[in-house]
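Bear in mind the structure is a predicted one, so any value in this text is a computation, not a measurement.
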Amino acid sequence: MQPQLVKGALLLLLAEACFAGIGACVKFTSDSASHAQVVFFRNFFALLVMLPWIMLQGRQILYTKRWYLHVSRATTGIISMYCFFYVISQLPLAQAMVVLLMSPFIVPLIAYYWLKERPSRLTLFSIGLGFVGVLLALPVATGQGGAFYLFLVALLSAVLVAVTKTTIRYMSDTEPAARIVFYFSLLTAVISFIPVPFAWNPLPAEAWWGFAAMGVLAAVGQMAMTKAYALAPASDIGIWTYSSVVFAGLFGYLFWSEPVTMAWFAGVLIIFYAGYISTRQRLI
């Protein structure tokens, strides 16, 4: 048994539940707020939520010699956010999350070439099986109209998410989770503020509540994800990123009555089985 792997998988499940919740908040606020506002307030409120906890860590949490990795992670993360939030605003929540679940396929490839983490044959098989599940769960509408453009935007987001997650793994040997999350929140808040004055819309009261909820979920999700990838290799637990599609399907059904098809359910079952066999081989 490898308790670190189990803890990493459980933390990643928590993170994905939070990220699906963020998707629901994005969908909720997109009707009244611009994309620039949504991205900025997501990061700003996450930073506010984290500040008291960061202050308890002491000044040493701010000292780093790997600032370039923090800047790199913030840059790829914020571009991915813009892509992700756009796709979320254009598709039903469950469908959008399925399209964005391509990142687990990309993480092992990046980890192999960058971190020299060689995935086993069974891991590669589970990745392929997960890919089949995603294709099965994709909505029929992805073949119509401007869906190919949405697919390209989602693919770009997935690639950048994979780079971000692998960067966390690379820097976790010297950077504690609190420092990684703090600099990500700080840098993304500063960078994402730049376009806000040029894309400002008047906001209703409920939008502010949505932003606040987004900040809390972002802070919890980032901490859980960062700790997860610090405990276990990205190529070993990245497959559990698929769980976000289940949470997204639940939120979409509860809040917007978005239907899910039998093909979606079948794809989700295949995805979870792929995650099970990927993790099970390392628990024996």
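Put simply, the side chain of Leu269 does not reach to within 4.5 Å of the side chain of Phe265, judged on heavy atoms. Put simply, the side chain of Ser157 does not reach to within 4.5 Å of the side chain of Val153, judged on heavy atoms. Thr29 places a side-chain heavy atom less than 4.5 Å from the side chain of Met214. Here the side chains of Lys227 and Lys7 are not in contact, with every heavy-atom distance at 4.5 Å or above.
With rounding to the nearest 0.5 Å, the separation of CZ in Phe84 from OG in Ser89 is 10.5 Å. Summarising the geometry, atom CH2 belonging to Trp208 is positioned 5.0 Å from atom CG belonging to Leu203; distances are rounded to the nearest 0.5 Å. The OH atom of Tyr183 lies 12.0 Å from the CG atom of Leu47; values are rounded to the nearest 0.5 Å. For the atom pair Phe182 CZ and Leu51 CG, the distance stands at 6.5 Å (nearest 0.5 Å). Taken from CG in Leu93 to CZ in Phe28, the straight-line distance is 14.0 Å, to the nearest 0.5 Å. Separating the CG atom in Leu12 from the CZ atom in Phe19 is a distance of 8.0 Å, to the nearest 0.5 Å.
Under the 4.5 Å side-chain heavy-atom criterion for Ile, Leu, Val, Met, Phe, Trp and Tyr, Val246 and Leu14 are members of distinct hydrophobic clusters.
Within a 6.0 Å sphere centred on NZ of Lys27, other residues, nucleotides and ligands contribute more than 12 heavy atoms. By the neighbour-count criterion of 12 heavy atoms within 6.0 Å, atom CH2 of Trp200 is densely surrounded, having more than that number from other residues, nucleotides or ligands. In the displayed structure, Phe44 atom CZ is contacted under 6.0 Å by at most 12 heavy atoms of other residues, nucleotides or ligands.
Residues Leu231 make up the rest of the hydrophobic cluster containing Leu11, defined by ILVMFWY side-chain heavy atoms closer than 4.5 Å, directly or through other members.
Closest approach of Ile78 to Val39, counting heavy atoms only: CG1-CG1, 4.0 Å.
Within the structure, every pair that satisfies the side chain to side chain donor-acceptor pair (under 3.5 Å) test and touches residues 30-43, not counting sequence neighbours, is listed here: Ser34-Gln37, Asn43-Thr188. Listed by first and then second residue, the salt bridge (charged side-chain N to carboxylate O under 4.0 Å, His left out) pairs involving residues 60-82 are Arg66-Asp173 (not counting sequence neighbours).
Checking side-chain atoms of Ser72 against main-chain N and O of Tyr68 turns up no donor-acceptor pair under 3.5 Å.
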